[in-house]
2 protein chains.
Amino acid sequence: MPVDACRALGLNSGMDKAHALDTVFAALADPTRRAILGMLLEDDMAVTDVAEPFEMSLAAISKHLGILSRAGLITQERRGRVVWCKLEPDALRDASIWMQGFGQFEAVHLDAFERFLQSELPDDT
Amino acid sequence: MPVDACRALGLNSGMDKAHALDTVFAALADPTRRAILGMLLEDDMAVTDVAEPFEMSLAAISKHLGILSRAGLITQERRGRVVWCKLEPDALRDASIWMQGFGQFEAVHLDAFERFLQSELPDDT
DNA sequence: GTGATGTTCAACCGTTCGGTTGAACATGCC
DNA sequence: GGCATGTTCAACCGAACGGTTGAACATCAC
């Protein structure tokens with residue numbers, strides 16, 4: 001598997017699963033970073049465009065993007081001068097699964113939820 | 001609604017939803033605290049018993065429990081000398097819902113997913 | 001080459017975090 | 001009362017966090 005793909009899955013080399021949860025949850029524990037993820041849900045964006053709506057220096061946003069990237073929640077690809085940021089939602093999967101071990105409704109209705117997914121999803125998952 | 005119930009739902013007074021996500025995710029970003037939550041999944045526990053498996057001072061565990069409590073993830077009730085800790089999994093609900101906005105399969109089928117939740121959940125939400 | 005643009009680096013700053021220690025506070029037992 | 005037990009408080013420590021600034025680095029346009 002290519003290194004980038006690993007990082008996109010939160011499987012940074014030398015990072016065990018617990019440490020991956022650490023970095024993912026820590027990355028999510030900041031409103032600026034959650035807002036960035038929400039923006040990237042719409043479309044890929046350049047760093048400057050990500051920074052635009054925030055009242056904060058470009059360097060600060062660059063740091064936030066670094067944290068999101070190290071957590072595997074986004075990937076960054078340089079094309080010419082501009083660095084494009086892309087959401088990697090698969091990195092949330094392990095964290096989501098961990099959480100679903102606790103939620104009452106998820107626990108109770110997990111089977112129904114999986115039946116729901118199977119019925120609603122296209123086959124390419 | 002009683003204050004304790006509000007705290008159990010992560011609705012601490014004066015804490016808006018974004019701040020609630022901050023504290024919940026921050027609380028989850030530590031392996032000791034995640035382990036504690038896992039232990040409380042089995043049963044309610046006294047503070048001393050929570051601390052027993054960790055190579056760490058009791059005061060440190062007490063702080064961790066305070067963080068989990070302020071995030072609404074547990075409640076603590078004093079009975080005599082001992083303080084009992086109880087898991088409050090409902091506090092994970094908002095965070096879980098927020099995350100499910102990002103998973104690829106969930107994103108595509110979010111409307112259907114919400115219909116699913118509405119049909120499967122009890123009415124007391 | 002020159003200059004403007006996009007991004008990151010390096011150093012710094014104040015605050016928070018995760019841990020320690022020792023003392024304090026409550027409560028139950030004799 | 002006196003003492004052991006369960007828990008938290010207060011002060012401290014080093015490290016990490018979230019932000020700033022100014023300089024540096026790449027790349028594109030002319």
Side-chain angles (χ1 to χ4, degrees), chain A residues 4 7 12 14-15 18-37 39-40 43-71 73-86, chain B residues 7 12 15 18-40 43-86:
Chain A
D4 281 1
R7 288 188 53 217
N12 299 0
M15 191 191 284
H19 196 329
L21 285 180
D22 287 0
T23 56
V24 167
F25 281 130
L28 297 180
D30 181 281
T32 302
R33 289 194 288 265
R34 288 198 307 275
I36 291 174
L37 292 177
M39 294 162 60
L40 293 178
D43 207 351
D44 299 358
M45 297 179 79
V47 172
T48 306
D49 295 331
V50 170
E52 197 272 335
F54 297 98
E55 294 177 342
M56 180 183 311
S57 72
L58 198 52
I61 296 293
S62 182
K63 278 192 190 178
H64 281 305
L65 291 171
I67 291 170
L68 290 171
S69 182
R70 252 168 277 126
L73 291 165
I74 67 170
T75 48
Q76 295 184 279
E77 181 194 356
R78 174 157 228 138
R79 277 206 292 273
R81 269 182 306 189
V82 353
V83 172
W84 292 91
C85 304
K86 183 182 189 312
Chain B
R7 289 190 50 221
N12 299 1
M15 190 191 284
H19 196 324
L21 285 181
D22 286 2
T23 55
V24 168
F25 282 130
L28 298 180
D30 182 280
T32 302
R33 289 193 290 265
R34 288 198 306 276
I36 291 174
L37 292 177
M39 292 163 60
L40 292 178
D43 208 350
D44 299 358
M45 296 178 80
V47 172
T48 305
D49 294 332
V50 170
E52 196 271 334
F54 297 99
E55 294 177 341
M56 180 183 313
S57 73
L58 198 52
I61 296 293
S62 182
K63 278 193 189 179
H64 280 304
L65 291 170
I67 290 169
L68 290 171
S69 183
R70 252 168 277 127
L73 291 164
I74 67 170
T75 49
Q76 297 184 276
E77 182 194 355
R78 174 155 227 140
R79 277 207 293 274
R81 271 181 304 189
V82 352
V83 173
W84 291 92
C85 305
K86 182 182 188 314

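Everything quoted here is computed from the prediction, not taken from an experiment. Proteins come first, then strands; the chains are lettered A, B, ... in the order of their sequence lines, and each starts at number 1.
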Of all heavy-atom pairs linking B:Phe54 and B:Thr32, the shortest is CE2-CG2, 3.8 Å
(Q) Does a side-chain N or O of A:Thr48 approach OP1 or OP2 of C:dG6 to a distance below 4.0 Å, or not? (A) no
note: B:Leu68, atom CG; C:dG18, atom P; distance rounded to Å ~ 10 Å
Reading nucleotides 24-30 of chain D from 5' to 3' and marking B where a protein heavy atom lies under 4.0 Å of the base, S where only the sugar-phosphate is that close, and - otherwise, the string is ---BB--
To the nearest angstrom, the CD-P distance between B:Gln76 and D:dG6 comes to 16 Å
To the nearest angstrom, the CZ-P distance between B:Phe25 and C:dC17 comes to 17 Å
For A:Ala29, the side chain to side chain contact (heavy atoms under 4.5 Å, CB included) test, sequence neighbours excluded, returns B:Phe25, B:Ala26
Heavy-atom donor-acceptor pair, A:Arg78 side chain to A:Gly80 backbone, under 3.5 Å
yes
Sorted by chain and number, sequence neighbours left out, salt bridge (Lys or Arg N to Asp or Glu O under 4.0 Å) with A:Asp22 holds for B:Arg34
Taking the side chain as every heavy atom from C-beta outward, state whether A:His19 and B:Pro31 have any pair of such atoms under 4.5 Å apart. no
| task | Would you please test A:Ile36 and A:Leu68 for side-chain contact (heavy atoms from CB on, under 4.5 Å) and show each step? | result | CA-CA 9 Å; A:Ile36 291 174; A:Leu68 290 171; 3.8 Å; yes
To the nearest angstrom, the CD1-P distance between B:Ile61 and C:dC17 comes to 17 Å
Which pairs of donor and acceptor atoms, one on a side chain in residues 57-65 of chain B, lie under 3.5 Å apart (sequence neighbours left out)?
residue, atom, partner, partner atom, Å
B:Ser57, OG, B:Ala60, N, 3.1
B:His64, ND1, B:Arg33, NH1, 3.1

So which protein N/O to nucleotides 13-20 of chain D N/O distances come out below 3.5 Å?
residue, atom, partner, partner atom, Å
D:dG18, OP1, A:Arg33, NH2, 3.2
D:dG18, OP2, A:Arg33, NH1, 3.2
D:dG19, OP2, A:His64, NE2, 2.2
D:dG19, N7, A:Lys63, NZ, 3.2
D:dG19, O6, A:Lys63, NZ, 2.3
D:dT20, OP2, A:Ser57, N, 2.9
D:dT20, OP2, A:Ser57, OG, 2.8

Residues at least two apart in sequence or cross-chain that pass side chain to side chain donor-acceptor pair (under 3.5 Å) with B:Glu77, listed by chain then number, are B:Arg79
